[in-house]
Amino acid sequence: MSEFEKLRVVTGYEFLKHIRRRRLYIILGLTILVEAAVLIAVPLLLEEGYPDNVMVMAAMLSIGPSLATIGAVFFAGDAIAGEFESKTGFILFTNPVRRITLVTGKYLAGLAAVAMLIVLGYIIVSISLLVIYGTVPVETAKSFGLCLLYGGSVLSITFFFSSISKGSMGATVITLVFIMVISSVIDGILIMADAPHWFMISTNGDSIATVYGGYELFLEGLPMGGTHMPDRWFQSPDINLMIVSMVIYLVAGFALSLWIGRRRQLS
Amino acid sequence: MPEPIVIESLSKYYNKFLAVDNLSLSVTENSNVGLLGPNGAGKSTTLKILCGLIRASSGTVYVDGISVAEKPEQALSRIGAIIETPEFYTYLTPEETLSYLGRLRGMNGDELRQRIKEVIRLVRLEEWSTVRIEKFSRGMKQRLGLAQALLHDPPVLILDEPALGLDPRGVVEFRELIEEAGREKTVFFASHQLVEVAQICQEVAIIDRGHLLAYDKITNLEEKYQSLESAYLQLTGEIH
């Protein structure tokens with residue numbers, strides 16, 4: 001039996017795990033809830049209905065699929081750490097299958113689960129834009145691609161933390177703190193210092209919305225009440241650089257988790 | 001034919017703690033060997049190295065002549081193992097678990113379905129075969145652990161305290177199952193339950209603090225020390 005066939009088996013059963021877990025449906029519910037909240041709240045807050053510019057509304061609706069990518073953290077937190085913490089590895093690792101195959105299968109299953117949520121999110125975005133504006137901008141496809149890439153990056157970072165953590169909860173919390181706190185704080189400092197920040201994972205997540213026209217779009221499209229903050233704070237980094245950054249997170253995080261996962265001993 | 005299990009000059013350090021100290025022994029085909037020793041003697045560490053779960057600090061272990069360190073997949077294909085209290089994915093049923101593990105071992109189709117039925121019947125889990133494992137007691141997980149170890153009909157069984165935590169009836173039933181399986185297989189069986197080992201095995205290796213103290217037929221040890229219990233107590237008492 002080839003390792004590729006074993007990879008198919010592992011991926012299939014790991015995907016079944018995601019399908020049977022409550023967390024998938026909680027994140028799906030949250031995604032739908034957030035999209036519904038945007039669709040209801042925006043016309044109420046603007047008083048004149050939806051923004052005239054379809055790009056502004058499309059960017060605002062991208063919050064739902066962006067939220068779905070965070071689901072990757074909850075799907076992958078226990079991917080490697082869980083085998084050691086719950087001791088299921090004592091059964092799984094005594095089978096004639098390479099650790100690399102097991103970790104890769106778990107990664108592909110997690111990616112498939114996140115992609116499923118992202119696809120559902122963009123179906124909601126597309127239908128909403130079609131109903132309200134009668135059109136779906138081509139940037140939605142770009143946003144979808146960036147969202148998938150961001151989801152893959154978040155998954156890789158979570159796999160890395162899962163490979164070095166003793167417990168699943170620890171891996172999940174560390175990843176969330178890394179992405180939402182540490183990265184965001186450093187991001188903010190770099191912006192204020194007028195230094196490049198395209199390589200921060202928190203900035204990379206913004207690309208899902210800024211692909212529609214950058215932060216400037218929100219200032220033009222929404223009544224923000226005026227601002228005295230420097231323009232540079234609202235300049236989004238080059239999308240191409242952010243793609244490079246996300247690919248690096250994806251490849252490096254996954255490669256490190258493979259290497260550590262292969263070497264880790266179940267004592 | 002190479003011997004099913006060969007351990008050569010095996011040592012294992014956990015940081016500075018020496019868990020296994022230059023251990024060498026070999027297990028002949030179709031023999032049932034008990035690995036006896038007090039807690040912390042190095043029994044589980046030895047079995048984990050045999051199953052490729054941890055790496056040796058020095059020395060080599062072979063299964064059917066295949067080095068576990070160099071060719072782990074080939075070596076593991078010849079082993080069925082229960083290490084510690086087996087834990088399973090709680091979102092799967094026993095049938096699904098066995099199907100997953102069977103497919104990882106290259107089994108499929110009718111052959112796999114038939115074999116799953118056989119091992120589930122053997123460990124008496126028929127009524128629970130389609131119930132998710134999250135509802136299982138420790139004893140039921142032990143039974144499922146034995147089922148997965150026997151699923152691919154391996155020539156070598158490696159069992160680490162397989163009856164740990166079972167009630168008295170469970171212990172007796174489990175012992176019978178292992179005895180039955182051990183008639184056609186090589187069984188290497190770690191325990192500190194002397195009665196259990198004496199009923200299943202013909203030979204024992206007694207270790208303490210990673211050292212091999214004795215490796216002989218139970219009958220020979222009984223002759224020399226009057227009983228297996230005396231042999232165990234005298235041998236493991238000497239180095240304390």
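On a predicted model such as this, the values are computed, not experimentally measured, just so you know. Chain naming here is simple, since letters A, B, ... match the order of the sequence lines and numbering starts at 1 in each.
- Atom CE of A/M180 has 12 or fewer heavy atoms from other residues, nucleotides or ligands within 6.0 Å.
- More than 12 heavy atoms of other residues, nucleotides or ligands shown are found within 6.0 angstrom of CZ on A/R264.
- Residue A/Y25 qualifies as enclosed at atom OH: its count of foreign heavy atoms under 6.0 Å is above 12.
- More than 12 heavy atoms of other residues, nucleotides or ligands sit less than 6.0 Å from atom CD1 of A/I164.
- Looking at B/R132, only its side chain comes within 4.5 Å of chain A, counting heavy atoms on both sides.
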> Step by step, would you call A/T94 with B/L53 a side chain to side chain contact (heavy atoms under 4.5 Å, CB included)?
Replying inline: CA-CA 7 Å; A/T94 54; B/L53 295 170; 4.1 Å; yes
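- Between chain A and the options B/A149, B/G52, B/S99, heavy-atom pairs under 4.5 Å are most frequent for B/S99.
- Ranking A/E5, A/K17, A/R263, A/R98 against chain B, the residue ahead of the rest is A/K17, based on heavy-atom pairs under 4.5 Å.
- Looking at B/E96, the atoms closer than 4.5 Å to chain A (heavy atoms on both sides) sit in the backbone and in the side chain alike.
- Considering only heavy atoms from C-beta on, A/V10 comes within 4.5 Å of B/Y100 through its side chain.
- Contact of B/L92 with chain A is made through backbone and side chain together, with heavy-atom distances under 4.5 Å.
- Looking only at distances, a side-chain donor or acceptor of A/R20 sits under 3.5 Å from a matching main-chain atom of B/Y91.
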> Yes or no on side chain to side chain contact (heavy atoms under 4.5 Å, CB included) for B/Y89 and A/L92, after CA distance, side-chain angles and deciding distance?
Replying inline: CA-CA 10 Å; B/Y89 295 139; A/L92 191 61; 3.3 Å; yes
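- In this structure the side chain of B/L76 never reaches within 4.5 angstrom of the side chain of A/N95, judged on heavy atoms.
- For residues 104-114 of chain B, the pairs satisfying salt bridge (Lys or Arg N to Asp or Glu O under 4.0 Å) are B/D110-B/R113, with sequence neighbours left out.
- Using a 4.5 Å cut-off between non-hydrogen atoms, the part of residues 77-90 of chain A that approaches chain B consists of A/E83, A/S86, A/K87, A/T88, A/G89, A/F90.
- Counting heavy-atom neighbours within 6.0 Å of A/R21 CZ, excluding the residue itself, gives a total above 12.
- Taking a 6.0 Å sphere around OH of B/Y14, one finds it holds more than 12 heavy atoms contributed by other residues, nucleotides or ligands.
- If you measure heavy-atom distances from B/K71 to chain A, you find no contacts under 4.5 Å at all.
- A distance of 9.0 Å separates OH in A/Y13 from CG in B/L101, rounded to the nearest 0.5 Å.
- Ionic pairing of B/E73 and A/K6 is not present here: no N-O contact between side-chain nitrogen and carboxylate oxygen is shorter than 4.0 angstrom.
- There is no contact between B/T45 and chain A, counting heavy-atom distances below 4.5 Å.
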